[in-house]
Student: 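One structure, pasted below without further comment.
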Amino acid sequence: MNTLTTTADSSGDIDLAAGEHWIEHVPAARTRPHQASFPALIEPRRHHGLWVQPRLRREVAQALCEWLNLVYPTDPDWYPLARFENDLLVVFTGEAAHQRHEIPPDEGGRYPLGHLGRWFLSTPTRTAARIAHELAVLGDLTRREPRPGETLVTCDPANAAASAFPARIGTRPGQPLTPVFRPEIAEAVAAFCTTHHDLVPDDYPQVYLDGRTLVHVHQHLRVQDKYLPWRIDPDPDGNYAIDGDEWTFHTPVQKAPCMSS
C-alpha cells in the first residue's frame, strides 16, 4: 500500500476553497449526526479572546442556515436561528431567538459572523462514515509494520503499544531528528490523533487530510490571535515530515531479546 484511502472532506457537499479552514459552532451537546463543520475564511483576531471570526461564502451560509434550523430545537437558548432575505443573512439570537441581526455580504461577497455565535477551528464533519473509515485505518496492522530503514516512533510514549508508527528518521545539520512517514502511515497518524482528540481533547490535536496536504489543528494554540492550522505538504517522494515544536515524536524503548542458555 502506498496511496491514501481517505473519504471526501466535505460538509454538505461543500469543500474547502483557497484560504479556508473548517470551523464548528461550540455544541450545546455533542450529539451526532447534528454536529457539523463548515468551511470559512477566518479573521486574524479572535472574538472575546477565544473564538474565531468566520466569513462564509453564500452557499456555505445557506447550508449553515439549514443546519441551524435542525439543531435549534435541541437548545433554543444556545443556538441562533438564521435565514436569507434576498441578499441579507438574518440571524436571530438570545432567549427564544428574539434579537434580530441583519448581515449584508462584504466586498468579497462573504457573510461575516464574527460576533454571532461561538466558532472554533475544527476538522471536516465527523460523520459515521468518516469515523468508520478512521477505525478501519487504525485496524490495518500493515500500517504498523516498519520497512527496512524505518523505526517505530510515537507521539504518546505512555501508550506506545497503541500509538507507535513506522517512520524513516530524517536528519539535518543542527536540527532535531524528524520522523518522515509514508502516505498511508501519515493517514494512520492523522486518524489516531483525531479519534483520541474526541476522547481527550486537551491532549491530542485534530489532524486531517485536505487533498494531499496534512492539516494539524493544535488543541490549545487555535484560540490565539493569528494562529492558523499547520499545513504539511508531501515531499517529492510523497512522504510527510512531521517536525516542529508542536508535535514531537519519541522512539519507544525496545525491550532487549531474552537470552537462552
Student: Restricting to non-hydrogen atoms, name the atom on Val207 and the atom on Thr194 that form the minimum distance, rounded to 0.1 Å.
Tutor: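 Smallest interatomic distance, heavy atoms only, reads O-OG1, 2.6 Å.
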Student: Is a side-chain donor or acceptor of Arg55 paired with a backbone partner of Tyr111 at a separation under 3.5 angstrom?
Tutor: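 Side chain of Arg55 to backbone of Tyr111, a donor-acceptor pair under 3.5 Å: no, none is there.
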Student: Determine whether the side chains of Tyr204 and Asp156 contain a donor N or O and an acceptor N or O closer than 3.5 Å.
Tutor: yes
Student: Check this for me: does any side-chain nitrogen of one of Arg58 and Asp87 sit under 4.0 Å from a carboxylate oxygen of the other?
Tutor: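 Looking at Arg58 and Asp87, the cut-off is met.
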Student: Testing the basics here: between Gly19 and Leu41, what is the closest heavy-atom pair and its distance to 0.1 Å?
Tutor: O-CD2, 3.2 Å
Student: Glu85: what forms a side chain to side chain contact (heavy atoms under 4.5 Å, CB included) with it, not counting sequence neighbours?
Tutor: Arg83, Val90, Arg100
Student: Which pair of non-hydrogen atoms, one from Ala188 and one from Val137, has the smallest distance, and what is that distance?
Tutor: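 Smallest heavy-atom distance, with atoms named: CA-CG1, 3.5 Å.
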Student: So if I apply the side-chain contact (heavy atoms from CB on, under 4.5 Å) rule between Gln99 and each of Leu116, Thr93, Val91, which one comes out positive?
Tutor: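 That would be Thr93; it is the only one of Leu116, Thr93, Val91 passing the side-chain contact (heavy atoms from CB on, under 4.5 Å) with Gln99.
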Student: Salt bridge check: are Arg45 and Glu43 linked by an N-O gap of less than 4.0 Å?
Tutor: no
Student: Of all the heavy-atom pairs spanning Gln53 and Gly114, show the shortest one and how long it is.
Tutor: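 Smallest interatomic distance, heavy atoms only, reads CB-CA, 3.5 Å.
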Student: If the plane angle is over 60° it's perpendicular, under 30° parallel, otherwise tilted; pick one for His25 and Trp67.
Tutor: tilted
Student: Between Arg118 and Glu24, does any NZ, NE, NH1 or NH2 come within less than 4.0 Å of an OD or OE carboxylate oxygen?
Tutor: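 Salt bridge between Glu24 and Arg118, a charged N being under 4.0 Å from a carboxylate O: no.
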Student: Any chance the side chains of Gln206 and His196 put a donor and an acceptor closer than 3.5 Å?
Tutor: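 Not at all, the side chains of Gln206 and His196 share no donor-acceptor pair under 3.5 Å.
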Student: Is a side-chain N or O of Trp51 found less than 3.5 angstrom from the main chain of His115, in a donor-acceptor match?
Tutor: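 No, because the side chain of Trp51 does not come within donor-acceptor range (under 3.5 Å) of the backbone of His115.
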